[in-house]
Structure formats: C-alpha cells, structure tokens
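Taking it in order: structure first as structure tokens, then the write-up.
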Amino acid sequence: EVQLVESGGGLVQAGGSLRLSCVASGFTFEDYAIGWFRQAPGKEREGVSCISNPHGNTYYADSVKGRFTISTDSAKKTVYLQMNSLKPEDTAVYYCAVDARPWRVEVFLKMGGGMDYWGKGTLVTVSS
C-alpha cells in the first residue's frame, strides 16, 4: 500500500523559509514521479514542483521558480520542498503525490493533479 506522509508546515512571516518533507512507503521510490501541489482557500489545486525519477529532472511552476527547491533522499524515501522567500500568496495546503508514469510529470504539474497517490497535506500559512 502506497503511503505518503507530509510534515513541516506551519506559520511563517513573509520572507521566511520552511522545509516540507514527505515520507513515502509501499512502492519503488526510484521509479516514480514525485510532486508537490498546493491548494489555497477558494482556489483550485496547482502544481508547485515535480521530480521525475530515475533521472532526477526537476520542474517548477513559474510562481515558485528561484524560491523553491525540490529534492529527494532515496535512502530515506523522502522528498523535500525547500521554500525560501515565502510570500502571503504561498499560503495553502501542500500535498505530496506520486505516480508510476514519470514521463507525464510535466503534464501533472500543469494540470495541478492527475497523480495516482496523494498524502493528506500540510498547511503552510505565510503572514504579511
């Protein structure tokens, strides 16, 4: 059974940083596409960043390029999202997701979804 557990959310002031973690289990970590998505109150879910295993290619939404960094630790089966220079508009519930079709990772990012397995999310609140 695939399980994804996010952590690391919280309240931070604008300009601050947070690092989200997603611990994965139940699948071959190196064969999957892994992504971070977010949903702000009253808005549709959007793709934030994805990584396509096994090559490790990374993709970012324009709104977070240069501020967020996705990375993985295969030994720990953990994916991270380092978020710097946070803005109030980054406030959202952040979800980790995985899919066995890594070739579709850019589509998933643009769609803001479509991946097979999802975590329950972690809330990030950025105050102005």
Side-chain angles (χ1 to χ4, degrees):
E1 179 187 4
V2 174
Q3 290 192 327
L4 302 168
V5 180
E6 303 98 333
S7 63
L11 174 64
V12 63
Q13 287 189 330
S17 298
L18 281 176
R19 188 177 79 158
L20 305 183
S21 300
C22 173
V23 179
S25 62
F27 63 99
T28 304
F29 190 82
E30 294 79 5
D31 291 342
Y32 275 56
I34 303 171
W36 286 98
F37 298 79
R38 68 185 182 187
Q39 188 165 20
K43 294 188 177 181
E44 293 187 353
R45 186 172 57 200
E46 62 176 348
V48 175
S49 180
C50 294
I51 188 164
S52 177
N53 285 326
H55 300 293
N57 295 331
T58 57
Y59 306 86
Y60 296 92
D62 288 342
S63 59
V64 306
K65 278 181 184 175
R67 301 188 298 122
F68 291 11
T69 304
I70 189 171
S71 62
T72 60
D73 184 332
S74 295
K76 295 182 178 179
K77 290 194 172 184
T78 301
V79 58
Y80 303 100
L81 185 68
Q82 178 67 43
M83 307 186 295
N84 299 329
S85 303
L86 282 161
K87 305 175 182 180
E89 52 263 43
D90 295 318
T91 295
V93 177
Y94 284 71
Y95 299 91
C96 172
V98 298
D99 195 278
R101 298 164 291 176
W103 57 90
R104 299 200 66 196
V105 67
E106 289 185 90
V107 173
F108 297 142
L109 187 67
K110 288 182 180 178
M111 285 175 56
M115 288 192 165
D116 283 337
Y117 302 99
W118 293 79
K120 293 184 178 181
T122 185
L123 176 63
V124 172
T125 304
V126 184
S127 63
S128 56

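In this structure, OH in Y80 is found 5.0 Å from CG in D73, a value given to the nearest 0.5 Å. Taking OG from S52 and CG from L109, the interatomic distance works out to 11.5 Å, rounded to the nearest 0.5 Å. Distance CD/Q13 to OG/S127: 5.0 Å, rounded to 0.5 Å. Remark: W36 CH2 to T122 OG1 distance equals 7.5 Å, nearest 0.5 Å. With rounding to the nearest 0.5 Å, the separation of CG in L81 from CD1 in I34 is 12.5 Å. Note: K77 NZ to Q3 CD = 11.5 Å, rounded to the nearest 0.5 Å.
For the pair S49 (side chain) and Y59 (backbone), a donor-acceptor distance under 3.5 Å is present. The backbone N or O of Q39 sits nowhere less than 3.5 Å from a side-chain atom of R45 that would complete a donor-acceptor pair. Remark: side-chain polar atoms of Q82 are not paired, donor with acceptor, to backbone N or O of R19 under 3.5 angstrom.
By the 4.5 Å heavy-atom criterion applied to side chains, F68 and I70 are not counted as neighbours. Between C50 and M115, some side-chain heavy-atom pair lies under the 4.5 Å cut-off.
S17 meets the side chain to side chain donor-acceptor pair (under 3.5 Å) test with N84; sequence neighbours excluded. Evaluation of the side chain to side chain donor-acceptor pair (under 3.5 Å) rule for K120 yields no partner, not counting sequence neighbours.
The minimum heavy-atom distance between Y60 and K65, with the atom names listed, is O-CE, 3.4 Å.
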Show me the donor-acceptor pairs within less than 3.5 Å that the side chains of residues 90-106 make with the rest of the protein, sequence neighbours left out.
residue : atom : partner : partner atom : Å
D90     : OD1  : R38     : NH1          : 2.9
D90     : OD1  : R67     : NH2          : 3.0
D90     : OD2  : R67     : NH1          : 2.7
D90     : OD2  : R67     : NH2          : 3.4
D90     : OD2  : K87     : N            : 2.8
T91     : OG1  : P88     : O            : 2.9
T91     : OG1  : V126    : N            : 2.9
T91     : OG1  : V126    : O            : 3.4
Y94     : OH   : R38     : NH1          : 2.9
Y94     : OH   : D90     : O            : 2.6
D99     : OD1  : R101    : N            : 2.8
D99     : OD1  : R101    : NE           : 2.8
D99     : OD2  : R101    : NH2          : 2.9
D99     : OD2  : D116    : N            : 2.9
R101    : NH2  : G114    : O            : 3.3

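Linking Ile, Leu, Val, Met, Phe, Trp and Tyr whenever their side-chain heavy atoms come within less than 4.5 Å leaves F27 and V23 in two separate clusters. Connection of L20 to L86 is established within a shared hydrophobic cluster, with ILVMFWY side chains joined at heavy-atom distances below 4.5 Å, either directly or through further cluster members. Two different hydrophobic clusters hold M111 and V64 under the rule that ILVMFWY side chains link at heavy-atom gaps under 4.5 Å.
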- request: Before giving the answer on ring-ring contact (aromatic ring centres under 6.0 Å, His included), spell out for W118 and F37 the whole-Å C-alpha distance, their side-chain angles and the decisive distance to 0.1 Å.
  value: CA-CA 10 Å; W118 293 79; F37 298 79; 4.8 Å; yes
